[in-house]
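Below you'll find the structure, written out as structure tokens, and then a few comments.
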2 protein chains.
Amino acid sequence: MRKRKGAGRPTIADVAEKAGVSTITVSRALRDPSKVSDHLRRKINNAVRKLNYVPHSHASALASTRSNIVGVIVPSLTNNVFADTLRAIYDELDQGPFQVQLGNSRYVAKDEERLVRTFLGQGPSAMIIAGTDQTDATRELLQNAECPVVQIMEVGDDPIDMMVGFSHFEGGKAAGTHLMQKGYKRIGFLGARMDPRSHRRLEGFKDALRIGGRYDPDLIMTTTVSSSVSLGAELIGQLRARRSDLDAVFCNNDDLALGALFGCQKAGISVPDDMGIIGFNDLEMMAASHPSLTSIRTDRYAIGKRAVEMIKAELDGEVPEQKILDLGFELQQRESTSRQK
Amino acid sequence: MRKRKGAGRPTIADVAEKAGVSTITVSRALRDPSKVSDHLRRKINNAVRKLNYVPHSHASALASTRSNIVGVIVPSLTNNVFADTLRAIYDELDQGPFQVQLGNSRYVAKDEERLVRTFLGQGPSAMIIAGTDQTDATRELLQNAECPVVQIMEVGDDPIDMMVGFSHFEGGKAAGTHLMQKGYKRIGFLGARMDPRSHRRLEGFKDALRIGGRYDPDLIMTTTVSSSVSLGAELIGQLRARRSDLDAVFCNNDDLALGALFGCQKAGISVPDDMGIIGFNDLEMMAASHPSLTSIRTDRYAIGKRAVEMIKAELDGEVPEQKILDLGFELQQRESTSRQK
DNA sequence: TTGTACGCGTTATCAA
DNA sequence: TTGATAACGCGTACAA
């Protein structure tokens with residue numbers, strides 16, 4: 001007699017025996033209660049409670065070739081922008097039977113591809129992935145995946161499946177337009193990391209300035225170094241050293257904007273009178289600073305929430321109203337661009 | 001004949017056939033190459049490559065009652081403090097065969113317990129959990145779990161298994177001592193969230209002030225509201241309204257400290273001359289602000305890194321040098337507490 | 001609505 | 001060092 005011991009915990013067979021039914025009835029009662037009569041369902045639920053039965057997700061995944069995992073891939077764990085979205089995803093998914101599997105691609109396309117491969121290997125219920133700049137191989141993997149796929153944080157023309165986000169090009173354009181409207185003339189751009197979304201913000205910014213006749217490539221200062229507050233102070237210092245007539249900057253993100261503010265304060269430059277500053281994302285601190293900082297507000301929590309809602313709808317067989325959801329953005333004007341003309 | 005289709009991808013049996021060996025030999029070659037002869041190992045590795053075989057983690061977990069999952073439970077996804085540690089955990093774990101399973105307890109002990117239950121149900125290779133304040137039930141679950149368990153972010157007397165972190169009590173004490181040394185007399189405390197670690201920082205702070213003869217409970221201002229920069233400005237305003245003679249504050253964390261700085265600037269109070277400010281954690285922005293902000297530096301990345309190293313060592317059967325690892329902290333003095341006496 | 005029989009892909013057990 | 005066989009716990013297919 002060769003018995004293996006297993007994990008020792010109750011199985012669906014134990015529940016079935018206690019409830020006096022077959023295992024498949026228990027299985028059905030747990031996954032879709034409507035398929036089992038009230039009478040048996042009650043008995044089964046009682047047995048589950050008494051035995052403290054917990055479904056064995058690996059066995060379930062193996063038998064059904066479908067796991068309850070939702071794979072989520074983001075390029076950064078420390079960027080606040082993704083933190084809010086992740087929080088929303090966890091908040092939404094924790095209700096149901098799903099498990100989040102989180103991957104960090106570190107802004108490296110090949111790492112992203114590897115993660116997608118690994119996650120798809122688990123037969124996920126759905127995939128959520130940041131951005132629209134996947135490699136061809138990654139796109140193909142996801143297209144062939146038999147599960148809903150949502151690209152988040154931005155929108156574009158060519159979704160793998162679904163998309164929730166906003167247009168970074170339009171966001172950058174709005175920032176540029178705003179600075180011109182406030183009367184600033186020599187308007188610069190500070191950019192860190194310069195991932196594809198940053199590039200699109202820059203393109204939108206350029207577009208606005210060209211239209212306004214104020215585009216000057218000499219005022220654009222970017223680096224691939226990752227973003228930080230200190231870097232904002234550094235970059236604005238460098239740009240001013242190059243062009244002392246600079247009178248406003250659009251910062252790639254809020255960390256840089258805060259750093260630029262500190263840099264100006266150290267150099268004795270008055271914000272907003274001698275220098276206008278606008279950031280991107282509108283993190284909580286932007287409203288609290290002194291002077292308060294203008295920014296482009298994006299609803300990152302909503303992006304995560306809606307992404308999960310779209311997934312749930314598709315899994316429930318609902319026909320989606322739209323595959324692409326543009327949540328837009330909103331310019332929050334504050335003191336840093338409100339100069340007395 | 002009733003064939004089910006499976007996931008369609010190559011299985012260990014396909015590899016075995018191609019290599020001309022049995023399945024179990026392939027299994028062994030993959031898990032512990034030293035158990036298989038060079039000759040067969042080479043053939044197997046070739047077959048794996050040719051078929052593009054990827055092990056099926058659910059099947060493995062089912063058969064072995066042990067998954068490659070490392071469960072990680074933190075109380076917040078948006079708090080930068082945990083973001084750095086998480087990044088380290090992902091960096092370390094991405095190398096090996098492990099998968100991170102991340103849970104967000106939202107600072108709710110019951111949610112934490114539920115997550116622990118769920119994760120343990122997956123037969124994890126290890127568990128990492130923030131803090132030392134688990135419920136009795138959670139402790140018992142983890143104690144009975146047949147895997148390494150590391151409590152992170154703080155150290156204490158009574159580890160479930162292992163611990164990596166530092167003493168929040170001592171950190172708070174160092175902050176209080178520093179403010180007294182700099183000559184501040186009426187020293188307050190600003191605290192948000194007030195989770196157990198915040199409480200221990202406060203206790204350390206009180207201890208220092210009592211020793212220095214400067215303890216005044218009237219100068220302690222706390223709230224259970226979650227921390228933010230805006231809140232820092234608000235709290236220091238409230239505390240000053242109550243006690244206009246306040247001349248320094250120890251802020252529970254850096255967000256509050258930055259907010260307190262902004263609050264002072266708005267009210268026309270000079271930092272550090274009329275108000276000393278010290279934060280906790282030393283986020284990157286603290287060195288960049290104007291004036292720069294003193295803080296207690298903690299090495300959050302190292303905490304994650306060391307936690308994973310301890311896990312790997314224990315899984316490799318090594319005898320740990322120590323079950324409790326205190327990584328300490330370091331006071332970073334900056335302008336916000338450097339007044340001209 | 002309920003049940004029977006079997007397979008999902010892997011590893012533990014025992015034997016050689 | 002290698003292999004045959006039987007689990008691991010559950011869901012699918014088919015039948016009643």
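Quick note on labels: first sequence line is chain A, next is B, and so on, each numbered from 1.
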Phosphate OP1/OP2 of C:dT11: any B:Thr65 side-chain N/O under 4.0 Å: no

Trace of the side-chain contact (heavy atoms from CB on, under 4.5 Å) decision for B:Asp158 with B:Arg139: CA-CA 11 Å; B:Asp158 189 22; B:Arg139 278 190 74 91; 3.3 Å; yes

Atom CG of A:Asn144 with >12 non-hydrogen neighbours under 6.0 angstrom: yes

Heavy-atom neighbours of A:Arg193 CZ exceed 12 at 6.0 Å: yes

Along DNA chain D (nearest heavy atom to each residue), the more 5'-positioned of A:Val54 and B:Ser34: B:Ser34

In whole angstrom, what separates [X]'s [atom1] from [N]'s [atom2]?
| X | N | atom1 | atom2 | result |
| --- | --- | --- | --- | --- |
| A:Arg66 | C:dC8 | CZ | P | 17 Å |
| A:Ile44 | D:dC10 | CD1 | P | 13 Å |
| B:Arg9 | C:dT10 | CZ | C1' | 12 Å |
| B:Asp38 | D:dT1 | CG | P | 10 Å |
| B:Ile12 | C:dA12 | CD1 | P | 11 Å |
| A:Leu62 | C:dG9 | CG | P | 7 Å |

For DNA chain C, the residues among residues 20-30 of chain A that have a non-hydrogen atom under 4.0 Å from it: A:Val21, A:Ser22, A:Ile24, A:Thr25, A:Arg28

B:His58 vs A:Ile69, side-chain contact (heavy atoms from CB on, under 4.5 Å): CA-CA, chis, key distance, verdict: CA-CA 12 Å; B:His58 296 300; A:Ile69 290 173; 4.3 Å; yes

With sequence neighbours excluded, residues passing salt bridge (charged side-chain N to carboxylate O under 4.0 Å, His left out) with B:Lys18: none

Contacts of type ring pair (Phe, Tyr, Trp, His ring centres under 6.0 Å), residue A:Tyr107, not counting sequence neighbours: none

Candidate nucleotides D:dT2, D:dG9, C:dT11, ranked by approach to the side chain of B:Leu40 - the nearest: D:dT2

